[in-house]
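Naming convention: chains lettered A, B, ... in sequence-line order (proteins, then strands); numbering from 1 in each chain. Just the heavy atoms: all of them, side chains too, but no hydrogens, waters or symmetry mates, feed the values below.
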Amino acid sequence: MISDKVRVRIAPSPSGNLHIGTARTALFNYLFAKKTGGEYVLRIEDTDLDRSSEAYKQNIFDSLKALGLNWDEGPDVGGQYGPYKQSERFDIYPKFAQMLIDKGYAYECFCSNEDLDKEHEEANAKKIPYKYSRKCLNLTKEERDALKAKGIVPSIRFKVDSKELVFHDLVKGELKFDTSLIGDFAIMKSNGTPTYNFAVVVDDMLMKITHVIRGEDHISNTPKQILIYEALGAEVPQFGHLGMILAPDRSKLSKRHGATAVSDFIKQGYLTDALLNFVAMLGWAPSDGVEIKNVDEIAADFRIGELSSSNSIFEYEKLNWMNGQYIKKMDISRLTDLALPFLDCYDTSKYSREKLEHIIEVTREPITLLKDLVYDTQYFFEKPVYEEDSKEILKSDLSKTVLEKFKKDVLEYDFDNLEDVHNKLADLRAYFKENHGFKPKETMWAVRCKITGRTRGADMAAILNILGKEEVIERLSAV
RNA sequence: GCCCCCAUCGUCUAGAGGCCUAGGACAACACCCUUUCACGGUGUAGACAGCGAUUCGAAUUCGCUUGGGGGUACCA
């Protein structure tokens, strides 16, 4: 047995910021571990040194942590099966490759890139599927030594025998492959580093991974990997392949479609809770039909076999809606913490923390993104900027009539008493309705436009309460 | 080209032979509520890709077609 306990992993390669699709894969692994009481490990797959970078690695850490997808074992926290960075495991792979050669499952290949390119071209010209020619399969020891003496460093290829390979996928069901279609593939590059397919198997084996849950772009790697497990004499883990996330044009979600990295979404003002919740609903549905759920609730209801096996399209409408729901319901203090960085274009120091929370509280209702707050709170921090429709409204006789009275009445308002302000405004509406036949809406528009420069915004009483008497009078007097 | 995966409203999905004249959510539209925007409420519109087969009966099973996606590297 590999392990009695479920052990899953998420293995991103640091050749880019944490992609939303990778985040979803991480989520499902996390949920599965959580549900089964298993362990969840993070492994950094940086065998391709040229494309990997420290900054990307850091972004992956930060994003995963921001999402709350904390790992039990990983490069930073350690664990008994480390190291958890492939570049720190380079001494491990050659041993297993050599073992495979010794057992006759692999062989050295001295073909140059040019040789290989030629084989590819020939196959293309003949319109037949490419398979490695096995030119180096039967080289004698003398021939190999001679090649090495010439300074040629070999790669190592896995010898693929023909057979039908079947495995049961956790989400797709039974999957069949004819291995005669797979050519002998490289497991070690001539530079001494392992190829992806080899490194994953060796690591998953050594790290005692029991379930490999990943995107369906890995389906075709799976037979190769199973072959390696078998050659290594290791127990094959269970595989589960998720459908992918596609852009609205049904192509792969990429930068040209906008944000793809979790950190991009966060920068735009998406809440990590909402992001996680949304992405979970791509391919999974709650049994009670309630879609707004936190990770714990999702984990409790999670069954891996219920994952949808088809691709899903990433549309912003629902994400935006969900984000809005979270913003409306989130604890105001926490929301304020998250919102403040977005408001650094204003001098927020003129308000107390209490007042700032109050500002967020009264402006949070209609927003979908935290960055919407920048526009929506402008008139709290700066003088109003009069928009076109407001200017029009203020020009009317109706508005002038209202403001004339309001300006006088306001002296009597108890600005610190929100309820009082509320009632006084109600009186104002009632007065103009009775005496002038103005609609409540029209009365309020006059006040709102004058004070905020806009026709829309937070509750008017709250605005007056926050701004305070002095500021309100000043705005009313300004021309 | 070859191999593999997938196919229910615009989107995310429920549905595992009769409970489906196909349910929910987002978006849309209408109305209600209302000091604006919004929230909330009530409605309307909107889908089983096509064709065959199995069956008394198919969105659900099978086959083909079409469409979409993935893979086909000494990238991961």
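In this structure, A:K252 and A:Y316 both approach RNA chain B, and ranking their closest nucleotides by distance from the 5' end singles out A:Y316. With the nearest nucleotide of RNA chain B identified for both A:F177 and A:I128, A:I128 has the one nearer the 5' end.
At least one donor-acceptor pair under 3.5 Å links the side chain of A:R89 to the backbone N or O of A:P83. Panel note: side chain A:K293, backbone A:V290; a donor-acceptor pair is recorded below 3.5 Å. A:D372 contributes no side-chain N or O that, together with a main-chain N or O of A:I367, makes up a donor-acceptor pair within less than 3.5 Å. Side-chain N or O atoms of A:T377 include none that pairs as donor or acceptor with a backbone N or O of A:F380 at under 3.5 Å.
Within the structure, salt bridge (Lys or Arg N to Asp or Glu O under 4.0 Å) pairs that include any residue of residues 276-286 of chain A do not occur (at least two apart or interchain). Here ring pair (Phe, Tyr, Trp, His ring centres under 6.0 Å) pairs that include residues 442-463 of chain A, with residues two or more places apart or in two chains, number zero. Residues in residues 299-314 of chain A take part in these salt bridge (Lys or Arg N to Asp or Glu O under 4.0 Å) pairs, two or more places apart or across chains: A:D301-A:R303, A:R303-A:E306. For the side chain to side chain donor-acceptor pair (under 3.5 Å) condition, the pairs that include at least one residue of residues 176-190 of chain A, sequence neighbours left out, are A:Y107-A:D184, A:R134-A:D184, A:D178-A:S180. Under the salt bridge (Lys or Arg N to Asp or Glu O under 4.0 Å) criterion, the residue pairs touching residues 390-408 of chain A are A:E388-A:K391, A:E392-A:K395, A:K405-A:D409, with sequence neighbours excluded.
Here the CG atom belonging to A:L319 is positioned 7.5 Å from the CD1 atom belonging to A:I20, to the nearest 0.5 angstrom.
Look at CG on A:D249: it is 12 Å from C1' on B:G69, rounded to the nearest Å. Per the geometry, CH2 belonging to A:W321 stands 5 Å off P belonging to B:C26, to the nearest Å. Atom-to-atom, CD of A:E216 to P of B:G70 comes out at 9 Å; the value is rounded to the nearest Å. As a whole-Å value, the separation of A:N323 CG from B:A38 C1' is 15 Å. Rounded to an integer number of Å, the gap from CE of A:M244 to C1' of B:C4 is 14 Å. Atoms CD (A:E387) and P (B:U36) sit 17 Å apart, rounded to a whole Å. Distance NZ (A:K172) to C1' (B:G71): 13 Å, rounded to an integer number of Å. Across the protein-nucleic acid pair, A:I245 atom CD1 and B:C5 atom P stand 22 Å apart, rounded to whole Å.
Using a 4.0 Å heavy-atom cutoff across all strands shown, A:G243 reaches no nucleic acid atom at all. Among the atoms of the strands shown, none is found under 4.0 Å from any heavy atom of A:K439. Within the 4.0 angstrom heavy-atom criterion, only backbone atoms of the sugar-phosphate kind lie near A:Q325; the bases stay farther away.
In this structure, of B:A27, B:A38, B:G70, it is B:A38 that holds the atom nearest to the side chain of A:P366.
In terms of the ring-ring contact (aromatic ring centres under 6.0 Å, His included) criterion, residue partners of A:H436 (sequence neighbours excluded) are, by chain and number, A:F432, A:F438. For A:Y196, the ring-ring contact (aromatic ring centres under 6.0 Å, His included) partners at least two apart in sequence or on another chain are A:H218. Listed by chain and residue number, A:F265 satisfy the ring-ring contact (aromatic ring centres under 6.0 Å, His included) test with A:Y270 (two or more places apart in sequence, or in another chain).
Checking B:G63 for Watson-Crick or G-U wobble geometry (two distances, each under 3.5 Å) identifies B:C51 as its partner. Across all strands shown, B:G18 is found opposite B:C56 as a Watson-Crick or G-U wobble partner, with both distances under 3.5 Å. When both distances must be under 3.5 Å, the Watson-Crick or G-U wobble mate of B:C26 is B:G10. Using Watson-Crick or G-U wobble geometry with both donor-acceptor distances under 3.5 Å, B:G1 finds its partner in B:U72. Checking B:C33 for Watson-Crick or G-U wobble geometry (two distances, each under 3.5 Å) identifies no partner in any strand.
Here A:K293 does not reach the OP1 or OP2 of B:A25: none of its side-chain N or O atoms lies under 4.0 Å away.
When each of A:R24, A:K318, A:E315, A:M244 is paired with A:L282, the side chain to side chain contact (heavy atoms under 4.5 Å, CB included) condition holds for A:R24 and for no other.
Comparing B:A25 with B:U42, their P atoms sit 9 Å apart, to the nearest whole Å. As rounded to the nearest Å, B:U54 and B:G63 have C1' atoms that lie 11 Å from one another. With C1' as the reference atom, B:C33 and B:G15 are 36 Å apart, rounded to whole Å. Atom name P, nucleotides B:G52 and B:G57: the rounded distance is 15 Å, in whole Å. When the C1' atom is used for both B:G70 and B:A76, the distance is 14 Å, rounded to whole Å.
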Taking only nitrogen or oxygen atoms into account, show me every contact under 3.5 Å that the protein makes with nucleotides 72-76 of chain B, one pair per line with its distance.
unit_1, atom_1, unit_2, atom_2, d
B:A73, OP2, A:H120, NE2, 2.7
B:C74, OP2, A:R157, NH2, 3.3
B:C74, O2, A:S190, N, 2.7
B:C74, O2, A:S190, OG, 3.0
B:C74, N3, A:S190, OG, 3.2
B:C74, N4, A:C111, O, 2.5
B:C75, OP2, A:K189, NZ, 2.9
B:C75, O2', A:D48, OD2, 3.0
B:C75, O2', A:R51, NH2, 2.9
B:C75, O2, A:R51, NH2, 2.9
B:A76, OP1, A:T47, OG1, 2.7
B:A76, OP1, A:K189, NZ, 2.8
B:A76, OP2, A:Y196, N, 2.9
B:A76, O3', A:E45, O, 3.3
B:A76, O2', A:S13, OG, 3.3
B:A76, N6, A:N221, OD1, 3.2
B:A76, N6, A:N221, ND2, 3.2
B:A76, N1, A:N221, ND2, 3.4

Taking only nitrogen or oxygen atoms into account, show me every contact under 3.5 Å that the protein makes with nucleotides 28-35 of chain B, one pair per line with its distance.
unit_1, atom_1, unit_2, atom_2, d
B:U35, O2, A:R448, NH2, 3.2
B:U35, N3, A:D459, OD1, 3.2
B:U35, O4, A:H422, NE2, 3.4
B:U35, O4, A:D459, OD1, 2.4

Produce the list of close N/O pairs, under 3.5 Å, pairing protein atoms with atoms of nucleotides 12-16 of chain B; give distances to one decimal.
unit_1, atom_1, unit_2, atom_2, d
B:C12, OP1, A:I313, N, 2.9
B:C12, O2', A:M281, O, 2.6
B:C12, O2, A:K318, NZ, 3.4
B:U13, OP1, A:G283, N, 2.6

Measure all distances between protein nitrogen or oxygen atoms and nitrogen or oxygen atoms of nucleotides 61-66 of chain B, and list the pairs falling under 3.5 Å.
none

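Salt-bridge formation is not detected for the pair A:E114/A:K118: no Lys NZ or Arg NE/NH1/NH2 atom is positioned less than 4.0 Å from an Asp or Glu carboxylate oxygen. Between A:D217 and A:K252 there is no salt bridge, since no side-chain nitrogen of the basic residue lies less than 4.0 Å from a carboxylate oxygen of the acidic one.
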